[in-house]
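Structure, as structure tokens:
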Amino acid sequence: MKKLFVTLVFICGSLAGSLTQAQTDKPMVKAPSTELYTALGGKESITRLMNDFVEILVVDPRIAKLFKDTKLKNLKEQLTDQICELSGGPCKYEGDAMKAVHEDLGITAAHFNALVEDLQMAMDQHGIGFGTQSRLLALLAPMHRDIIKPAR
Ligand code: HEM
């Protein structure tokens with residue numbers, strides 16, 4: 001069931017992304033209002049969510065090795081700013097572009113889906129409802145184009 005949800009979000013987000021992002025590495029597609037930011041509980045809740053999300057990522061055997069050289073404090077901060085801004089909050093993501101960050105990591109669709117499942121797990125643990133989860137995942141899904149390395 002969870003896999004089906006991930007796949008559906010991925011497909012819907014990809015479709016939305018192709019309508020809004022004709023090329024890669026365009027500016028992020030943001031929520032049109034602050035509603036999602038508020039539903040996520042604001043900056044403090046997003047900070048806690050991202051901290052826990054990263055702790056889940058780094059022990060997930062499907063993807064942990066990709067994070068072995070990563071400064072986790074920085075990753076948590078960058079993700080917090082990014083999700084805060086994307087969801088309509090008063091933050092500014094000042095990290096590198098998604099393509100530049102991920103292009104040498106060899107990330108596959110399976111890695112991407114694993115990360116989405118980990119984010120869902122973190123959101124479940126934080127009591128974030130299904131509708132709010134879907135809206136956040138739909139904003140993230142179009143980014144797969146800049147993150148997944150196409151098979152040659
Ligand atoms: C929509 C999905 C994703 C988003 C929004 C995202 C976002 C980010 C952000 C904001 C950073 C920090 C950038 C910076 O420091 O300037 C980052 C770094 C990183 N991401 Fe992602 N990411 C996503 C998917 C993935 C996936 C699927 C993987 C692998 C399973 C991954 C692995 C990494 C790694 C290893 C780094 C650290 C790179 C380094 O240490 O230099 N990301 N990501």
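Whatever order the structure lists them in is the order used to number ligands and atoms, beginning at 1. If you read the sequence from its start, that first residue is 1, and numbering goes on from there.
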Could you identify the single nearest non-hydrogen protein atom to [atom] and state the distance to 0.1 Å?
atom	answer
atom 27 (C) of ligand 1	Phe112 CA, 3.5 Å
atom 13 (C) of ligand 1	Tyr93 OH, 3.4 Å
atom 5 (C) of ligand 1	Gln82 OE1, 3.3 Å

Between Glu85 and Lys30 (salt bridge meaning N to carboxylate O under 4.0 Å), is one present in this structure?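 Yes, Glu85 and Lys30 are salt-bridged.
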Report the C-alpha separation of Gln78 and Met50 in whole Å, then their side-chain angles, then the decisive distance to 0.1 Å, and conclude whether the side chain to side chain contact (heavy atoms under 4.5 Å, CB included) test is met. CA-CA 9 Å; Gln78 300 291 0; Met50 289 302 118; over 6 Å; no
Is any side-chain heavy atom of [X] less than 4.5 Å from a side-chain heavy atom of [Y]?
X	Y	value
Lys43	Asp81	yes
Leu40	Ser87	yes
Glu55	Lys76	yes
Leu119	Leu57	no

Acceptor/donor pairs from residues 88-95 side chains to any protein atom, 3.5 angstrom cut, sequence neighbours excluded:
from, atom 1, to, atom 2, distance (Å)
Tyr93, OH, Asp96, N, 3.3
Tyr93, OH, Asp96, O, 2.6

Any atoms of ligand 1 less than 4.0 Å from a non-hydrogen atom of [X]? List them with their elements.
X	value
Gly95	16 (O)
Phe67	31 (C), 32 (C), 33 (C), 34 (C), 35 (C)
Thr70	35 (C), 37 (C), 39 (C), 40 (O)
Ile63	30 (C)

Keeping the roles fixed (side chain from [X], backbone from [Y]), state whether a donor-acceptor pair exists under 3.5 Å.
X	Y	value
Ser134	Phe130	yes
His102	Lys99	no
Glu103	Ile147	no

Tell me yes or no: between the side chains of Gln120 and Asp124, is some donor less than 3.5 Å from an acceptor?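 Side chains of Gln120 and Asp124: no pair found under 3.5 Å.
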Checklist entry - Leaving waters out, which protein N, O or S atoms fall under 2.8 Å from atom 21 (Fe) of ligand 1? => result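 Those protein N, O or S atoms (cut-off: under 2.8 Å from atom 21 (Fe) of ligand 1) are His102 NE2.
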Notebook entry, point to check: Can you tell me if CD on Glu35 sees more than 12 non-hydrogen neighbours from other groups inside 6.0 Å?
Noted result: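 At most 12 heavy atoms, drawn from other residues, nucleotides or ligands, come within 6.0 Å of this atom.
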Given that the side chain starts at C-beta and the backbone is N, CA, C, O, which of these parts of [X] lies under 4.0 Å from ligand 1, counting heavy atoms, or is it both or neither?
X	value
Leu66	both
Leu105	side chain
Asn74	side chain

(Q) Less than 4.0 Å from atom 41 (O) of ligand 1, is there any heavy atom belonging to the protein? (A)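 Looking at atom 41 (O) of ligand 1, one finds that no protein heavy atom lies closer than 4.0 Å.
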What I want to know is whether Asp96 and ligand 1 share at least one N or O pair that is separated by under 3.5 angstrom.
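Yes, there is a polar N/O contact under 3.5 Å.
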